[in-house]
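Notes follow the structure.
Order of the sequence lines fixes the chain letters, A, B, ..., with proteins taken first and strands second; residue numbering starts at 1 for each chain.
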Amino acid sequence: MRKWLARLAALGVALLVAGQGTTAALAQDPSAGKKTMRVGATQAMDSMNPFLAVRLVSTSIHRWMYGFLTVPDSKTLQPSPDLAESWTTSEDGLTWTFKIRAAKWSDGKPITAEDAAWTFNKMMTDEAAKTANGPAVENFESVTASGQDLTIKLKAPQASMLENPVPIMPKHVWESVTDMANYDAEKYPSVSSGPYFAIEHKKDQYVKLQANPNYWRGKPKIDELQVIFYDNPQAAIAGLKNGDIDLIGRLQPPEFQAIQNDPNIEAWNTQGRRASYLQINHGATTTDDKPVGDGHPALKDVKVRQALHYAIDKQKLVDEVQNGLAKPADGSIVPPMYTDFFWEATGDTKVTYDPAKANKILDDAGYKKGADGVRTMPDGGRKLEFRFSIHTDTPIEDKLAEYLTGFFKEIGITLTTKKLDSSKFSEETGVTGLFDIAISGWSVNPDPEEVMATHLCSRRPAPGGEGGGTESFFCDETFEKLYQEQLKELDRPKRAEILKQMQERLYTQAPIIAIYYPNDLEGYRKDRITSITPIPEAKGLLYGGSGYWPFYTVDVKATATGGGASGGGSNTGLIVGVVGGVVVVGLAAFLLTRRRKSTADERE
Amino acid sequence: MTTPLEAAEPVAAQAAGPGDDRPTGRGTLQYALSKAGGALFSIAMVIIGTFFVFRLLPGDPVRNLAQGRNMTPAQLDLERRRLGLDKPLVDQFFDFVGDTLRLDLGTSYEYKRPVLDLIGERIGPTLLLTGTGLIIAVSLGIWQGTRAGWRFGSRFDRFSTGASLVLWSVPTFWLGLLLMMVFGVGIGPIPGLFPFRGIESVDAPDGFAYILDVASHMVLPCLTLVAVVYAQYLLVMRSSLLEEVSQDYVTVARAKGLRDDEVRRRHAVPNALLPTVTLVFMRIGFVVGGAVTVETIYTWPGLGQLFYEAVRVPDFTLMQGTFLLITVAVVVMNTLADVVYHVLDPRVRSA
C-alpha cells in the first residue's frame with residue numbers, strides 16, 4: 001500500500017515538474033519575437049508534389065509557395081501579372097508569348113522561361129505529371145523557351161490561357177526526378193518562387209512555411225506561416241477559441257455559429273465561391289451516346305425537371321438548411337461573387353417557388369395523379385418515385401433531403417433518400433449513372449471555364465464506361481457551340497456574355513438545378529491578426545479565396561518574449577502542475593484514510 | 001509488498017504449488033509450437049482473405065482515385081498499370097501473396113508512398129498512446145476490481161462498478177469532445193489545461209522539455225481511452241475474484257488465521273488474475289490497431305488515424321495494409337495469450 005502512495009506522490013511530483021517544465025519551455029521559446037501565423041485546416045495534405053496534389057488544402061498551400069504565369073488581381077479577380085510580367089497573343093489566338101519576370105527562386109537562382117517550359121513539357125510528356133492539372137495542357141501543341149520568353153503554341157484557341165492553374169516549378173531542382181508518380185517532394189527547404197517556401201512537413205500534423213526573402217513583390221510581413229491539420233472540425237473550432245490557431249476557413253453554418261459570439265474572434269461571413277445544386281439524371285450516356293445507368297424515364301422530360309424547379313422553395317432551404325448563411329440561387333453554377341460572369345434569371349425565364357404552377361405543368365404534360373396522390377408516367381406505367389442520392393455523414397444533406405421530400409410531395413412526386421459513401425457516390429452519380437437526383441456542388445474559380453466544361457459532351461464517360469469528369473451527363477448542341485465560341489473570344493466582356501448564355505441554357509434545360517450559393521464562413525483571432533486583406537479586397541474571402549493575397553498581406557502580433565500575452569499559454573503549464581498535484585495529493589490523502597480504516601477493521 | 005500487478009509473475013509458482021506437475025520445458029514448447037503452427041495457418045488465411053475481401057469491396061479503386069476529377073482513359077490506364085490491376089486476378093493474387101511475404105504492402109494511392117513506411121511512422125505514436133492507456137486501464141481496472149470484488153456490495157463496489165459501466169457505455173467520441181471542452185478549451189473562468197491536438201506542439205522544444213511536451217499532449221487522449229476501456233478489466237477482475245472468494249482454499253486460508261489482506265493478496269488475487277491476463281493479451285493485439293476514434297478526435301498521428309484516413313479517401317492499399325497488420329497482430333497476441341495461459345494455469349494444461 002505504501003508503495004502505491006509513494007508512486008502516487010511520485011506521479012504528483014512528475015506532474016508538478018511537467019507543469020513547471022512547460023512553463024520554462026514556453027518562457028525560453030526560441031520563436032519569441034517572431035511573427036508566426038497559424039492556420040487550421042480540417043483536411044490534411046495529400047502530397048507536397050504539386051504535380052500530384054489534388055486536395056483543396058494542398059493546392060492552397062502550393063498557391064502560397066509557387067508562382068504561376070498569372071494570378072487573379074486582388075481587386076477585380078481578373079488575370080494579372082505574376083511570374084509572367086507581360087504577354088502577347090498572335091492574330092489567330094494560337095501563339096502566346098509570355099515574358100518571364102527576372103526574379104529569383106528562394107534559393108537565389110534566377111527564374112527563367114526554361115523553368116516554365118520544363119514544367120509544361122513535363123506535364124505534356126509524363127502521364128504521372130498530369131495527375132493534378134492534366135487538362136490545363138491538353139490543348140498545348142508545344143512550349144518553348146528563349147531567355148525570359150516563353151512561347152506556348154496551342155492546338156485551338158483558348159481564351160482561358162491567362163488562368164493557367166499550373167504552378168511553375170524550378171527546373172534545376174526537379175529535372176532529376178525520374179519517377180514522378182512516386183515522388184513526394186519531401187525535401188526541405190523547398191525551392192519556390194511564391195511568398196513562402198516549405199521548411200517542414202509532418203504528415204497529417206502540420207506544414208511550416210517560411211517567408212521567401214527573394215519573393216518578387218517583397219518579403220511577406222510575417223516570418224512563418226504554419227498550417228495545422230485537425231482531424232475533426234470540433235477540435236479545430238476549439239483550437240481557434242483556445243488560441244492554438246489564428247485562422248480557420250471552410251466552416252459549416254453550425255460551426256460558424258459556435259464562434260460568432262466570441263469577443264476575440266472575428267466571424268468572417270461573406271459571399272462564397274460555391275454553388276450548390278441538384279444534379280438530375282436526364283438520361284445519362286457515354287461519349288458514344290449509349291445510355292448508362294438506371295435513371296427514371298420521367299426525368300428525361302424537360303417539363304418534369306422544370307416542374308421540380310418550381311416546386312423548390314429555395315428561400316426556405318437557405319433559412320432552415322443553411323441557417324440563413326447562403327443566398328438562394330436565381331442563377332446557375334456561377335455564384336454572384338463573380339460579378340463579371342454571374343448570370344441571374346429575370347422576367348419569364350425566372351423560376352420562382354410556385355407549386356401550383358409545377359402541378360399544372362405536370363398535369364398538362366400528362367403525368368396524372370393516382371389514387372394515392374402520386375403521379376404516374378403518361379402511359380400509366382411507372383410512378384413518379386425518384387431516389388435522392390446524398391453522402392453519408394453529412395447532416396446538412398440529410399436535412400436538405402427532408403425538405404425536398406416535402407416539396408416534391410406537394411406536386412405528387414415521391415422522393416426517397418439514398419445515402420452513399422463518397423467513393424460510391426462519385427461513381428454512381430458521375431460515371432455509372434445509377435441515380436435519379438443527386439446533391440452536387442462546385443467551388444468556382446475566377447474563370448468559370450472549367451466548371452462549364454464539366455457539362456460538355458466530351459466529359460461523359462468513355463465508351464468503355466470510364467474516365468470523363470462530368471457533373472451532369474449533359475450533352476447539348478447549343479451549350480457545346482457556345483463553349484467553343486467563348487474559347488475563341490479574347491474580348492473579356494464579350495466572352496462573359498457567352499458564358500452567361502451558357503448558364504442560361506443550363507438553367508432552362510435543367511440538367512442541374514442550382515438551389516443556393518453557400519456563404520464563405522471563416523473565423524480569425526482579432527487579438528492576434530492585426531491586418532489581413534481578403535480577395536477580392538472589397539469584401540472577399542480569406543482562406544477560401546483563390547490566390548495568396550490574404551496570406552501575403554497578413555500581419556500578426558509578434559510572439560511575446562517571456563510569454564504571458566497570448567491566450568494565457570504560459571500559465572497553462574503552471575495550472576496543469578498545480579491541479580495535477582492537488583488531485584494526486586487529495587487522492588493520496590483519501591487512500592491513506594481508507595488504508596487506516598481498513599487496518600483498523602482488520603485489527604478488530 | 002506485492003502489488004496486484006506484480007503478482008502476475010509469481011502466479012505460476014503459487015498456483016501450481018510445490019509437488020504439482022509443473023510444466024516441463026518440453027511440454028510448454030510443444031504446446032507453443034502447435035499454437036504457433038495454428039497461428040501461421042490463421043495468418044495465411046488472413047492474407048488470402050484480405051486479398052479477396054478487398055477485391056469484393058464495391059467500387060473500382062482507380063475510379064475512386066479519380067474522385068470525379070477529369071481523367072482521360074489513358075491516365076486511368078496508367079493508374080491501373082501502376083497498381084497492377086491490369087493483370088489477371090490469379091497473377092494479382094500471387095503477386096499480392098509474394099509481396100506480402102516480402103513485407104511489401106504496396107504503395108498508398110493517396111500518399112504515393114510505401115504503406116509499410118507509413119505504418120512505420122505511425123506505429124510509434126500508437127504504441128505510446130494505446131500502450132500507456134492499456135497499462136493505466138489494466139492497473140486501475142485490476143486494482144479497483146479487486147477492491148470492489150473483495151468488498152462485494154460495499155459503497156466502493158457500487159460506486160466503481162457503476163462509474164466504470166457508465167464510462168463504458170458513453171460514446172467515445174462524445175466523451176472525447178467533452179474532455180476536450182472541459183480540459184482543453186476550459187469552461188467559464190477556468191482556462192484550458194491540456195493541448196488537444198497532435199502528439200507535440202508545432203514549435204516543440206528540444207530535449208527534456210520535448211518529453212514533457214509530448215506527455216502533456218498525451219493527457220487527454222489517454223484519459224479518454226482509459227475511461228472508456230478500463231471497465232472491462234474491472235468487471236472481469238471483480239467477477240473472477242468473487243468466484244475465488246467462495247472457493248474452499250480461501251476459507252482454509254482464512255481458517256489458518258491469515259490476515260484478510262494477506263488472504264486476498266497471496267491467495268485469491270493471483271488465481272483471479274488469470275482471466276484478466278488473458279484479456280490483457282488479447283487487447284494488446286488491438287492496441288496495435290490504435291484507437292481510431294480517440295486518435296481522430298485528438299488528431300493523434302497513429303495507425304488509427306491512418307486507417308481512418310484510408311477509409312475516408314478511400315485508399316485501398318493503405319486500408320488493406322493496415323487491416324493486415326492489425327489482424328496479424330491480433331492473431332499473434334491471441335497465440336501468445338494461449339501460451340501464457342498454458343504456463344500460468346495448470347487446468348489448461350491437463351485439458
Side-chain angles (χ1 to χ4, degrees), chain A residues 1-4 18 21-22 24-25 28-31 38 44 46-47 49 52 54 127-128 130-131 134-135 181-184 202-206 208 226 228-232 234-235 238-239 241-242 244 423-424 426-427 430-431 454 459 462 464 466-469 568 571-572 575-576 579 602, chain B residues 1 3 58-60 62-64 66-76 78 82 107 110-113 118 121 177 180-181 184-186 191-200 202-203 205 208-209 212-213 215-216 219 259-261 295-299 301 305-306 308-309 312-314:
Chain A
M1 198 71 228
R2 235 166 278 141
K3 247 188 192 167
W4 273 98
T22 34
Q28 296 155 7
D29 195 345
S31 63
R38 295 152 305 176
D46 50 347
S47 174
N49 180 344
L52 302 180
V54 292
E127 281 291 324
K130 279 191 184 136
T131 308
N182 292 312
Y183 180 64
D184 205 32
K202 274 218 172 147
K203 277 263 132 65
D204 294 345
Q205 293 288 296
Y206 55 79
K208 283 186 190 176
Q226 299 174 344
I228 297 170
F229 305 125
Y230 287 84
D231 275 341
N232 79 85
Q234 284 88 351
K241 286 193 160 198
N242 213 32
D244 293 344
S423 66
K424 199 103 181 95
S426 43
E427 187 173 326
V431 184
T454 60
R459 288 297 182 88
E466 59 184 30
N571 293 331
T572 314
I575 295 164
V576 170
V579 170
E602 280 154 23
Chain B
M1 283 258 150
T3 62
D60 173 347
V62 175
R63 270 186 200 158
N64 283 333
Q67 278 185 40
R69 273 182 300 128
N70 174 31
M71 280 176 99
T72 61
Q75 271 176 295
L76 288 171
L78 176 88
R82 207 161 71 81
T107 305
E110 179 74 0
Y111 295 98
K112 328 274 182 213
R113 293 180 58 211
L118 290 166
E121 279 169 17
L177 284 181
M180 182 192 291
M181 291 307 161
V185 180
L193 297 174
F194 299 101
F196 49 85
R197 194 215 63 91
I199 187 172
E200 60 185 15
V202 178
D203 290 308
F208 184 61
L212 293 174
D213 184 55
S216 70
V219 175
R259 269 178 41 223
D260 197 42
D261 203 26
E295 289 189 6
T296 309
I297 298 168
Y298 295 105
T299 319
Q305 191 206 36
L306 191 68
Y308 173 74
E309 263 304 302
R312 197 159 70 158
V313 170

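Taking each heavy atom of B:T299 and A:Y230 in turn, the nearest pair found is OG1-CA, 3.6 Å. Nearest approach of B:G184 to A:N242, heavy atoms of both residues: O-ND2, 3.3 Å. Closest of all the heavy-atom pairs between A:K208 and B:V202 is NZ-O, 3.0 Å.
Ranked by heavy-atom pairs shorter than 4.5 Å toward chain A, the options B:I199, B:T296, B:V185 are led by B:T296. Interface check for chain B: of the options A:A181, A:A128, A:S47, the most heavy-atom pairs under 4.5 Å are formed by A:A181.
A:Q205 pairs by the side-chain hydrogen bond (donor to acceptor under 3.5 Å, both in side chains) definition with nothing, not counting sequence neighbours. By the side-chain hydrogen bond (donor to acceptor under 3.5 Å, both in side chains) test, A:N232 pairs with no residue at all, sequence neighbours left out.
The distance from the CG atom of B:D203 to the CD atom of A:Q226 is 4.5 Å, given to the nearest 0.5 Å. Note that CE of B:M181 and NZ of A:K241 are 7.5 Å apart. Values are rounded to the nearest 0.5 Å.
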Working for side chain to side chain contact (heavy atoms under 4.5 Å, CB included), residues B:E200 and A:Y206 = CA-CA 11 Å; B:E200 60 185 15; A:Y206 55 79; 3.3 Å; yes
What's the verdict on side chain to side chain contact (heavy atoms under 4.5 Å, CB included) for A:D204 and B:E309, showing C-alpha distance, side-chain angles and the deciding distance?
-> CA-CA 9 Å; A:D204 294 345; B:E309 263 304 302; 3.9 Å; yes
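Contacts between A:A462 and chain B at a heavy-atom distance below 4.5 Å involve the side chain alone, from C-beta outward. Only the side chain of A:D184 comes within contact range of chain B, with heavy atoms under 4.5 Å apart. Only the backbone of A:F229 comes within contact range of chain B, with heavy atoms under 4.5 Å apart. Contacts between B:T107 and chain A at a heavy-atom distance below 4.5 Å involve the side chain alone, from C-beta outward. Contact of B:L177 with chain A is made through the side chain alone, with heavy-atom distances under 4.5 Å.
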